Number of protein chains: 2
Amino acid sequence: MARVGLTPDRLTRAGADMADEVGFDQVTVSALARRFDVKVASLYSHVRNSHDLKTRIALLALEELADRGSAALAGRSGKDALTALADVYRDYAHDHPGRYAAAQFRLTPEAAAASAGTRHSQMTRAILRGYDLDEPDQTHAVRLLGSVFHGYVSLEQAGGFSHSAPDSQASWSRILDALDALLRNWPTTEAG
Amino acid sequence: MARVGLTPDRLTRAGADMADEVGFDQVTVSALARRFDVKVASLYSHVRNSHDLKTRIALLALEELADRGSAALAGRSGKDALTALADVYRDYAHDHPGRYAAAQFRLTPEAAAASAGTRHSQMTRAILRGYDLDEPDQTHAVRLLGSVFHGYVSLEQAGGFSHSAPDSQASWSRILDALDALLRNWPTTEAG
DNA sequence: CTCATTTGCCTAAAACCTTTAGCCAAATGC
DNA sequence: GCATTTGGCTAAAGGTTTTAGGCAAATGAG
């Protein structure tokens, strides 16, 4: 029998593509085997199990997202950087909904440690260099930005903001304006 | 044979409990039948299929969350209300991780329309009565708050903020401070 | 180039989940 | 009491996951 040339990487990329096409939770070892016109058991030489496959897809998505983030941040600072990184997340989720869903796959602590998670928080931290925040407020702000980016994009993807005025793009722009204003004027204690 | 007394509601509640115990994605028609010591096919008289079961659990979680939100908001306004509602989400996710995961289950448009989604956005809007925002900024702010609540809680649940200083509670408090400050001082246009 | 080894895809099979169809007994209502 | 509805059952088909063991294709050493 001629060999198809399966590798963990090819399977992962094909799985990611499949996720974008039919949804991350529809990605299955069986479906992937079908796509390569190969018997299901053959995949188990390259991937430990279904969970492993999904983890790999999640890690791929996180890497891709971090790569795009780095590229977008290069040469930018301040609000320009803020907007650029925010748009990377939103655009990625829009262009690659399955990959974005994969990026939210619950990783084991080991997988999480080996993921691009650190790169992501460092990118957000890089943005904050354009603002005047000391620790621990800088970390609080990193978490706030992460929450807004992730939260907004998730809610938008779930359809939360469609079919109602104003349109989502308008809210997105204003929210980034507001975050920029907030970071420039971060409250010290109780600002009465 | 004696009847067990299954109903869609009992199945839904049992499914929600199971989600909290073993995770929402482990909730399966088979597992639920096992829990009631009943044959699998019996459940199909009460629930259309697996997807229907999950949708019902999601709707239950959204209702419970809205109920808690209403209770927490009663008699509160301003930052007090903001904190109260925010804590409802965070505490619910902490106490009922499976239900919270269910609340993020992708609903069909019809199910979403019949869900407590509207109650949720109205609760957030009620908070904003304590601040001075006109449309469309009020809607933008509703979306921002929803994003932060959902985003923060999701990232926290995924383990994003554990094992690193400052602790998550500190960030949560400061983020709510910051949101309060932002809402009190919402930028009008370009605040140069 | 040949032969030994490794590797890749195969068949087979067991275990589990989903869903439908049709049956019988228990509950319900006149 | 009896007819009807309803709830849980058996049976069965189809799909997914995963392991075990086999054979042929690729690879590398002499």
Side-chain angles (χ1 to χ4, degrees), chain A residues 1-60 98-99 101-102 105-108 110-111, chain B residues 1-60 98-99 101-102 105-108 110-111:
Chain A
M1 283 288 167
R3 299 193 176 186
V4 182
L6 302 180
T7 66
D9 269 23
R10 279 192 71 194
L11 291 176
T12 304
R13 281 196 301 273
D17 291 344
M18 185 184 294
D20 285 335
E21 290 161 22
V22 301
F24 182 59
D25 39 284
Q26 303 300 314
V27 174
T28 176
V29 181
S30 297
L32 205 50
R34 235 173 279 133
R35 172 165 301 213
F36 280 98
D37 203 23
V38 138
K39 297 297 168 179
V40 192
S42 306
L43 300 205
Y44 283 83
S45 310
H46 307 281
V47 158
R48 242 208 317 285
N49 52 34
S50 180
H51 189 273
D52 177 43
L53 171 66
K54 285 179 179 167
T55 296
R56 285 168 188 270
I57 297 173
L59 294 177
L60 171 68
R99 281 168 155 89
F105 184 64
R106 201 69 125 73
L107 296 175
T108 63
E110 310 84 66
Chain B
M1 285 286 170
R3 297 193 179 188
V4 181
L6 303 179
T7 64
D9 268 24
R10 280 191 71 194
L11 291 177
T12 304
R13 281 196 301 272
D17 291 345
M18 183 184 294
D20 285 335
E21 291 161 21
V22 301
F24 182 58
D25 40 282
Q26 304 300 314
V27 175
T28 175
V29 180
S30 297
L32 204 51
R34 236 174 277 133
R35 174 165 297 214
F36 280 99
D37 203 24
V38 137
K39 297 297 170 181
V40 192
S42 306
L43 299 205
Y44 283 84
S45 309
H46 306 282
V47 158
R48 241 205 319 281
N49 51 36
S50 182
H51 189 273
D52 178 42
L53 171 66
K54 286 180 177 166
T55 296
R56 285 168 189 270
I57 297 173
L59 294 177
L60 171 69
R99 281 170 155 87
F105 184 65
R106 201 70 124 74
L107 298 174
T108 63
E110 309 84 65

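To find a chain, count down the sequence lines: A is the first, B the second, and so on, and within it residues start at 1. We use all heavy atoms of the structure for the numbers below, so side chains are in, but hydrogens, waters and symmetry mates are not. Just so we're clear, the structure is a prediction, and the values are computed from it rather than from any experiment.
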Nearest-nucleotide comparison on DNA chain D, the residue closer to the 5′ end among A/V29 and B/V4: B/V4

DNA chain D nearest-nucleotide lookup for B/T7 and A/Y44: closer to the 5′ end is B/T7

Give one of base, sugar-phosphate or nothing for [X], where a contact means two heavy atoms less than 4.0 Å apart.
X: B/S45; answer: base
X: B/V40; answer: base
X: A/A41; answer: base

Over how many whole Å does the gap from [X] atom [atom1] to [N] atom [atom2] extend?
X: A/L43; N: D/dT17; atom1: CG; atom2: P; result: 10 Å
X: B/L6; N: D/dG7; atom1: CG; atom2: P; result: 9 Å
X: B/Q26; N: C/dC17; atom1: CD; atom2: P; result: 10 Å
X: B/D25; N: C/dC17; atom1: CG; atom2: P; result: 14 Å
X: A/N49; N: D/dA20; atom1: CG; atom2: C1'; result: 17 Å
X: B/H51; N: C/dC17; atom1: NE2; atom2: P; result: 19 Å
X: A/L11; N: C/dG8; atom1: CG; atom2: C1'; result: 12 Å
X: B/R3; N: C/dA27; atom1: CZ; atom2: C1'; result: 5 Å

Distance below 4.0 Å between [X] side-chain N/O and [N] OP1 or OP2:
X: B/S50; N: C/dC17; value: no
X: B/R34; N: C/dC17; value: yes
X: A/H46; N: C/dC9; value: yes
X: A/S42; N: C/dC10; value: yes
X: B/T28; N: C/dC16; value: no

Between B/D52 (side chain only) and B/V47 (backbone N and O only), is there a donor and an acceptor less than 3.5 Å apart? no

So for atom CZ, which belongs to B/R35, do other residues, nucleotides or ligands contribute more than 12 heavy atoms lying within a distance under 6.0 Å? yes

So, B/R106 and A/D25, do they make that salt bridge, N to O below 4.0 Å? no

Run the ring pair (Phe, Tyr, Trp, His ring centres under 6.0 Å) test on A/F36 and A/H46 for me, step by step, so that the C-alpha distance in whole Å, both residues' side-chain angles and the decisive distance to 0.1 Å come before the verdict. CA-CA 13 Å; A/F36 280 98; A/H46 307 281; 9.4 Å; no

Go through it in stages, so that I can follow the logic: the residues are B/R48 and B/L53, the test is side-chain contact (heavy atoms from CB on, under 4.5 Å), and I'd like the CA-CA distance, side-chain angles, deciding distance and then a yes or no. CA-CA 7 Å; B/R48 241 205 319 281; B/L53 171 66; over 6 Å; no

